[in-house]
Asks: 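Below is one structure. I have some questions about it.
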There are 2 protein chains.
Amino acid sequence: MKVAKYSRVQPRFQVIKDAITQAIRERKYLPDDQIPTEYELAEKFKVSRMTANRAVRELVGEGLLVRHQGLGTFVAPIQVESPLLEIRNIADEIRERHNVYSNERYKLEKIRSNKKLADLLGIAVGEPVFYSLMVHKENGRPLQFAERYVNASLVPEYHRQDFSERTPSEYLSELFPLSEVEHVVEAVLPSQQEQELLDISADTPCLLVNRRTWSKNKLISYARLVHPGDRYRLGSRSKV
Amino acid sequence: MKVAKYSRVQPRFQVIKDAITQAIRERKYLPDDQIPTEYELAEKFKVSRMTANRAVRELVGEGLLVRHQGLGTFVAPIQVESPLLEIRNIADEIRERHNVYSNERYKLEKIRSNKKLADLLGIAVGEPVFYSLMVHKENGRPLQFAERYVNASLVPEYHRQDFSERTPSEYLSELFPLSEVEHVVEAVLPSQQEQELLDISADTPCLLVNRRTWSKNKLISYARLVHPGDRYRLGSRSKV
DNA sequence: CAGTGGTCTAGACCACAGA
DNA sequence: CTGTGGTCTAGACCACTGG
């Protein structure tokens with residue numbers, strides 16, 4: 001029986017990419033370790049060198065590997081970067097970096113808005129608001145302290161959700177197609193609580209992203225996202 | 001006289017990428033327009049289809065094109081505009097707030113690139129680079145500590161400029177029409193020098209914006225912009 | 001069906017780094 | 001000199017789309 005030569009579930013270069021990615025995630029290859037050469041990969045995976053080359057080249061483009069002509073290919077030293085603008089939630093971001101996402105929920109409750117909150121959410125003082133506090137982790141290490149305030153009259157079921165699998169931002173974006181987003185980025189020092197939950201010292205500068213999201217001109221939520229400055233950066237690159 | 005087959009200044013796939021990119025920028029191809037097929041590109045540029053394929057595939061990865069199997073390749077609908085792009089000229093920004101812009105120049109000299117700088121600017125170690133250090137002020141108050149490294153071989157007259165009226169970024173953008181910008185934002189604590197020149201304390205968190213600019217695929221400059229976190233924020237708001 | 005992109009091969013030449 | 005990555009080719013088969 002002949003097996004069709006080019007019908008596969010996974011392209012061969014993708015198989016190689018996945019294998020390398022997994023090996024790095026399992027720490028079989030550590031940062032700065034050299035990985036097999038293109039010739040070795042080609043032999044191991046029974047592909048041509050061009051196919052191995054594509055796998056490695058794409059992983060370089062994704063920031064997972066670095067190459068030096070004449071020397072070899074190496075696991076990239078750890079670096080974290082995220083495109084601004086794209087409101088992609090932190091979970092996707094971490095998974096795209098080929099790392100393990102997890103989170104912990106500390107609070108999920110209904111409160112009444114004070115003046116400041118009412119202004120931010122465009123509602124009246126005293127209106128009900130859901131408040132959630134979560135910490136999102138990359139490979140078990142806290143990366144984002146996320147407080148979120150949600151207009152309770154628009155999202156009455158928010159507090160009934162279990163956000164262990166689906167993040168608040170995923171839940172909200174399913175319910176309300178995003179139409180507008182606002183970001184304000186600041187540098188701040190962490191509060192006592194932020195220090196503890198992010199496992200950082202009082203003098204670690206943090207990137208604070210204030211994000212407000214709208215759906216069809218309705219202001220849905222305000223999020224206050226605090227990230228340790230020593231392991232989180234925002235990046236963007238664009239043609240003009 | 002025989003011409004070496006594989007010694008080129010530009011790889012062939014890069015030539016194709018540049019040609020397509022430029023055609024889009026010049027609006028010879030409009031959003032959603034179909035561009036030539038791989039076979040046509042291969043013929044036009046006298047390369048194999050694999051080489052044309054790589055050029056197109058990478059442009060898809062960069063978001064400039066979209067492909068549909070069986071249909072063709074098309075210019076991406078809308079260029080996502082980065083909000084961080086609006087971190088433009090600090091002088092304009094200050095004047096738009098109807099405040100008084102001023103600056104102070106502390107250094108303007110020619111240096112030789114070390115390893116790190118060479119990587120950032122995409123040049124060889126030891127290549128000449130211009131270094132400038134300025135502080136930009138709003139109503140006399142320091143707002144931005146700006147170190148800039150400029151590829152001296154591309155901008156040989158940089159060090160002869162007087163940047164009191166025209167900022168380095170204004171000068172460069174006149175000389176080199178901007179084609180690509182990269183921003184990486186971090187939260188950091190200020191160095192001794194930054195504390196002094198920005199007139200802030202050691203525990204004031206700062207927003208560090210690393211900006212690299214390209215013109216026609218030439219990496220022109222790298223700027224390191226430090227802002228006091230207590231009086232500077234980055235903001236953006238965009239429809240999606 | 002023809003035309004498109006998606007993938008793959010086997011081999012080649014070039015450039016760079018280190019011994 | 002060897003071994004590495006960087007690039008390129010000519011041709012091939014597969015899968016999807018539309019007529």
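On a predicted model such as this, the values are computed, not experimentally measured, just so you know. Side-chain atoms are counted along with the backbone in the values below, which use heavy atoms only and exclude waters and symmetry mates. Sequence lines set the chain letters: A, B, ... in the order given, protein chains first and strands last, and positions in each chain run from 1.
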Asks: Output the rounded distance in Å from OH (Tyr39(B)) to P (dA10(D)).
Replies: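 Atom-to-atom, Tyr39(B) to dA10(D), this comes out as 14 Å.
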Asks: Measure from CD on Gln34(A) to C1' on dG3(D) and round the result to the nearest Å.
Replies: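 Distance check: Gln34(A) CD to dG3(D) C1' gives 10 Å.
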Asks: Rounded to the nearest Å, what distance is computed from the CD atom of residue Gln69(B) to the C1' atom of nucleotide dT4(C)?
Replies: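 After rounding, the reported distance stands at 8 Å.
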Asks: Could you tell me how far apart Arg12(B) (CZ) and dT9(D) (C1') are, to the nearest whole angstrom?
Replies: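 Roughly 9 Å, once rounded to whole Å.
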Asks: I'd like to know if Glu58(A) and Arg57(B) make a salt bridge, using a cut-off of under 4.0 Å between side-chain N and carboxylate O.
Replies: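 So Glu58(A) pairs with Arg57(B) through a salt bridge.
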Asks: If you assign Ile35(B) and Met50(B) each to the DNA chain C nucleotide with the nearest heavy atom, which residue ends up on the more 5' nucleotide?
Replies: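 Looking at DNA chain C, the more 5' nearest nucleotide goes with Ile35(B).
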Asks: For dG11(D), does OP1 or OP2 lie under 4.0 Å from any side-chain N or O of Ser48(B)?
Replies: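 Looking at the OP1 and OP2 atoms of dG11(D), neither is under 4.0 Å from any side-chain N or O of Ser48(B).
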Asks: If you draw the axis of the six-membered ring of Phe13(B), does the NZ or CZ of Arg54(B) fall within 45° of it and under 6.0 Å from the ring centre?
Replies: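 Satisfied, under 6.0 Å and within 45°.
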Asks: Is it the case that Arg12(B) and Thr51(B) place a side-chain donor and acceptor less than 3.5 Å from each other?
Replies: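 There is no such pair (donor and acceptor under 3.5 Å, judged by atom type) between the side chains of Arg12(B) and Thr51(B).
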Asks: Indicate, with a heavy-atom threshold strictly under 4.0 Å, whether Val47(B) touches base, sugar-phosphate, or nothing.
Replies: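 Answer is sugar-phosphate: Val47(B) comes under 4.0 Å of backbone atoms only.
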Asks: Determine, using ring centers only, whether Tyr158(A) and Phe163(A) are less than 6.0 Å apart.
Replies: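 That pair passes the under 6.0 Å test.
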Asks: Compare side-chain N and O positions of Thr51(A) against OP1 and OP2 of dT7(C) and report whether any pair is under 4.0 Å apart.
Replies: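 Checking Thr51(A) against dT7(C): no side-chain N or O falls below 4.0 Å of OP1 or OP2.
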Asks: Whole angstroms only, please: what is the CZ-P distance between Arg57(A) and dT7(D)?
Replies: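 Between P of dT7(D) and CZ of Arg57(A): 7 Å.
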Asks: Mind calculating the distance between CG (Leu71(A)) and P (dC16(C)) to the nearest angstrom?
Replies: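 Result: 13 Å.
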Asks: Check the distance between dG5(C)'s P and Leu41(B)'s CG and give it to me in whole angstrom.
Replies: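 Distance check: Leu41(B) CG to dG5(C) P gives 8 Å.
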Asks: Atom CZ of Arg67(A) and atom P of dA15(C): how far apart are they, to the nearest Å?
Replies: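 Rounding to the nearest Å, CZ of Arg67(A) and P of dA15(C) are 18 Å apart.
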Asks: Between Arg49(B) and Gly70(B), just flag the one whose closest nucleotide in DNA chain D comes earlier from the 5' side.
Replies: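 By nearest-heavy-atom nucleotide position, the 5'-most residue is Arg49(B).
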